[in-house]
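All heavy atoms count here, side chains included; hydrogens, waters and symmetry mates do not. The first residue of the sequence shown is numbered 1, and numbering continues consecutively from there.
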Amino acid sequence: MKTVQSARPWGGGNFSAIRDTTLLHGGDVSTDAELMDRIARGSQDAAELLFQRYRQPVWQFFRRRVSDPAVAEELAQDTFVAVIEGAARYEGRGAFRSYLFGIAYNVLLAERRNHARRAAEPLDADPPSPGVAHPDAGIWVRRALATLDENDREILMLREYEELSYQEIAELRRTPLNTVRSQLFRARLALKHALEARTAQPARRSHVSR
């Protein structure tokens with residue numbers, strides 16, 4: 001796989017210098033807009049290519065604004081999930097990087113609001129119970145996890161249940177750190193799709209029963 005850019009590589013740290021980015025993969029040249037179109041049509045490969053292309057600059061965006069690098073990584077992943085969820089609405093009117101960083105900025109603002117709300121909560125306040133709104137949520141997650149590929153399921157459990165850092169997962173699995181990031185991104189997408197498929201079933205049954 002080879003990256004072709006009209007300016008110096010984004011790995012140099014100056015993301016604003018990038019004018020247009022294409023990716024050669026197996027002889028196929030894909031622009032950002034083409035990747036978004038493929039993502040909108042359900043291509044997981046295109047989603048992973050887009051993630052690999054822009055993970056570093058998006059992470060740097062958050063790292064400059066968040067003190068904890070692990071939080072920056074989580075926010076970067078949230079950004080890409082939001083990009084993928086909105087791929088069908090992407091119109092490509094301006095530069096893709098402007099669109100991408102607009103989403104990243106909204107994710108950052110949401111995190112700041114959540115942080116401010118947590119800081120304002122009294123220490124003796126009872127945390128809201130997710131079971132009140134969705135009593136079967138835990139069951140849905142476990143069943144959705146069971147449908148995943150073994151590697152996807154394992155890396156998700158290490159991160160979400162054992163709460164290992166990205167570096168700790170890389171060391172435990174003897175895998176490069178960037179590979180762990182890509183695997184987690186793919187696994188979260190797979191879990192999201194599995195959950196959407198399962199949570200849609202009760203709604204369909206309820207609609208039919210009317």
Side-chain angles (χ1 to χ4, degrees), residues 10 15 21 23 25 30-63 65-66 70-115 117 130 133-134 136-138 140-149 151-153 155-157 159-160 166 178 180-204 207:
W10 51 257
F15 186 60
T21 306
L23 190 69
H25 187 268
S30 299
T31 66
D32 297 332
E34 289 168 344
L35 286 180
M36 288 295 284
D37 180 65
R38 288 164 53 191
I39 291 169
R41 288 183 280 113
S43 172
Q44 184 170 316
D45 287 342
E48 292 188 30
L49 287 174
L50 194 73
F51 175 74
Q52 290 293 342
R53 181 179 295 179
Y54 287 113
R55 191 208 68 81
Q56 183 68 15
V58 170
W59 180 81
Q60 288 174 341
F61 170 87
F62 289 111
R63 188 65 186 93
R65 295 161 176 83
V66 176
V71 172
E73 185 68 52
E74 293 294 331
L75 295 177
Q77 298 240 348
D78 288 346
T79 297
F80 284 103
V81 170
V83 168
I84 290 164
E85 289 178 341
R89 299 186 299 274
Y90 177 68
E91 298 179 350
R93 293 179 179 176
F96 176 77
R97 64 180 182 277
S98 298
Y99 173 80
L100 177 63
F101 277 102
I103 292 178
Y105 184 66
N106 287 335
V107 169
L108 178 66
L109 292 181
E111 169 62 19
R112 287 174 174 172
R113 287 193 297 270
N114 290 337
H115 180 77
R117 184 170 61 251
H134 300 287
D136 296 328
W140 289 343
V141 170
R142 289 194 295 272
R143 289 178 177 174
L145 277 171
T147 68
L148 300 186
D149 173 86
N151 284 331
D152 288 347
R153 182 170 61 252
I155 199 167
L156 270 177
M157 292 177 71
R159 177 59 184 162
E160 305 300 337
Y166 286 69
N178 280 340
V180 169
R181 289 166 174 151
S182 297
Q183 290 173 339
L184 269 170
F185 175 68
R186 181 179 63 247
R188 282 170 169 155
L189 279 182
L191 179 62
K192 174 181 175 296
H193 293 155
L195 282 171
E196 287 175 346
R198 286 193 169 275
T199 55
Q201 291 173 3
R204 287 196 295 268
H207 181 72

S.K.: Output every pair passing salt bridge (Lys or Arg N to Asp or Glu O under 4.0 Å) with a member in residues 81-95, not counting sequence neighbours, ordered by first then second residue.
M.R.: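 Those involving residues 81-95 are E85-K192, E91-R93.
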S.K.: Can you name the nearest heavy-atom pair linking A144 to A194, along with the distance?
M.R.: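 In terms of heavy atoms, the two residues are closest at CB-CB, 3.8 Å.
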S.K.: Keeping N114 on the side-chain end and A110 on the backbone end, is there a donor-acceptor pair under 3.5 Å?
M.R.: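 The answer is yes, because a donor-acceptor pair under 3.5 Å joins these two groups.
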S.K.: With rounding to the nearest 0.5 Å, note down the distance linking CG in L108 to CZ in F101.
M.R.: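 Spacing of CG (L108) from CZ (F101) equals 12.0 Å.
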S.K.: As an exercise, state the distance from CZ of R142 to OG1 of T147, rounded to the nearest 0.5 Å.
M.R.: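 Here the interatomic distance stands at 14.0 Å.
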S.K.: If you take all heavy atoms of F51 and S182, which pair is closest and at what distance?
M.R.: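 Closest heavy-atom pair between F51 and S182: CE2-CA, 3.6 Å.
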S.K.: Find out whether Q183 and N151 are in side-chain contact, i.e. whether some heavy atom of one side chain is under 4.5 Å from a heavy atom of the other.
M.R.: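 With C-beta onward as the side chain, the pair stays apart.
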S.K.: Please work out whether the ring planes of Y54 and F96 are parallel, tilted or perpendicular, with thresholds of 30° and 60°.
M.R.: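 It falls in the tilted class, 30° to 60°.
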S.K.: At what distance, to the nearest 0.5 angstrom, does CD of E34 lie from CG of L49?
M.R.: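 So the gap between those two atoms works out to 12.0 Å.
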S.K.: Between R97 and D32, is there a salt bridge with N-O shorter than 4.0 Å?
M.R.: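 A salt bridge is absent here (no side-chain N lies under 4.0 Å from a carboxylate O).
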S.K.: Got a second to check how far F80's CZ is from L100's CG, nearest 0.5 Å?
M.R.: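 The CZ atom of F80 sits 5.5 Å away from the CG atom of L100.
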S.K.: Name each donor-acceptor pair under 3.5 Å that joins a side chain in residues 70-79 to protein atoms two or more places apart or in another chain, with its distance.
M.R.:
residue, atom, partner, partner atom, Å
E73, OE1, R55, NH1, 3.2
E73, OE1, R181, NE, 2.9
E74, OE1, R188, NH2, 3.0
E74, OE2, R159, NE, 2.8
E74, OE2, R159, NH2, 2.5
E74, OE2, Y166, OH, 3.2
E74, OE2, R188, NH2, 3.2
Q77, OE1, R188, NH1, 2.9
Q77, NE2, R181, O, 3.2
T79, OG1, L75, O, 2.9

S.K.: For the atom pair CG (L35) and CD (E48), what is the distance rounded to the nearest 0.5 Å?
M.R.: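 Interatomic distance, L35 CG to E48 CD, rounded to 0.5 Å: 12.0 Å.
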S.K.: Between E111 and F62, is any pair of side-chain heavy atoms under 4.5 Å apart?
M.R.: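 Not in contact.
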S.K.: Can you name the closest pair of heavy atoms from A47 and L189 and give their distance?
M.R.: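 Minimum heavy-atom separation between A47 and L189: CB-CD1, 4.1 Å.
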S.K.: Any side-chain heavy-atom pair from N178 and Q52 closer than 4.5 angstrom?
M.R.: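 Counting from C-beta outward, N178 and Q52 never come under 4.5 Å.
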S.K.: Let me confirm one number: the NE2-CD1 distance from H193 to I84, rounded to the nearest 0.5 Å.
M.R.: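 With rounding to 0.5 Å, NE2 (H193) is 7.5 Å from CD1 (I84).
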S.K.: So which atom in R38 and which in A46 form the shortest heavy-atom distance, rounded to 0.1 Å?
M.R.: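 Between these two residues, the closest heavy atoms are CB-CB, 3.7 Å.
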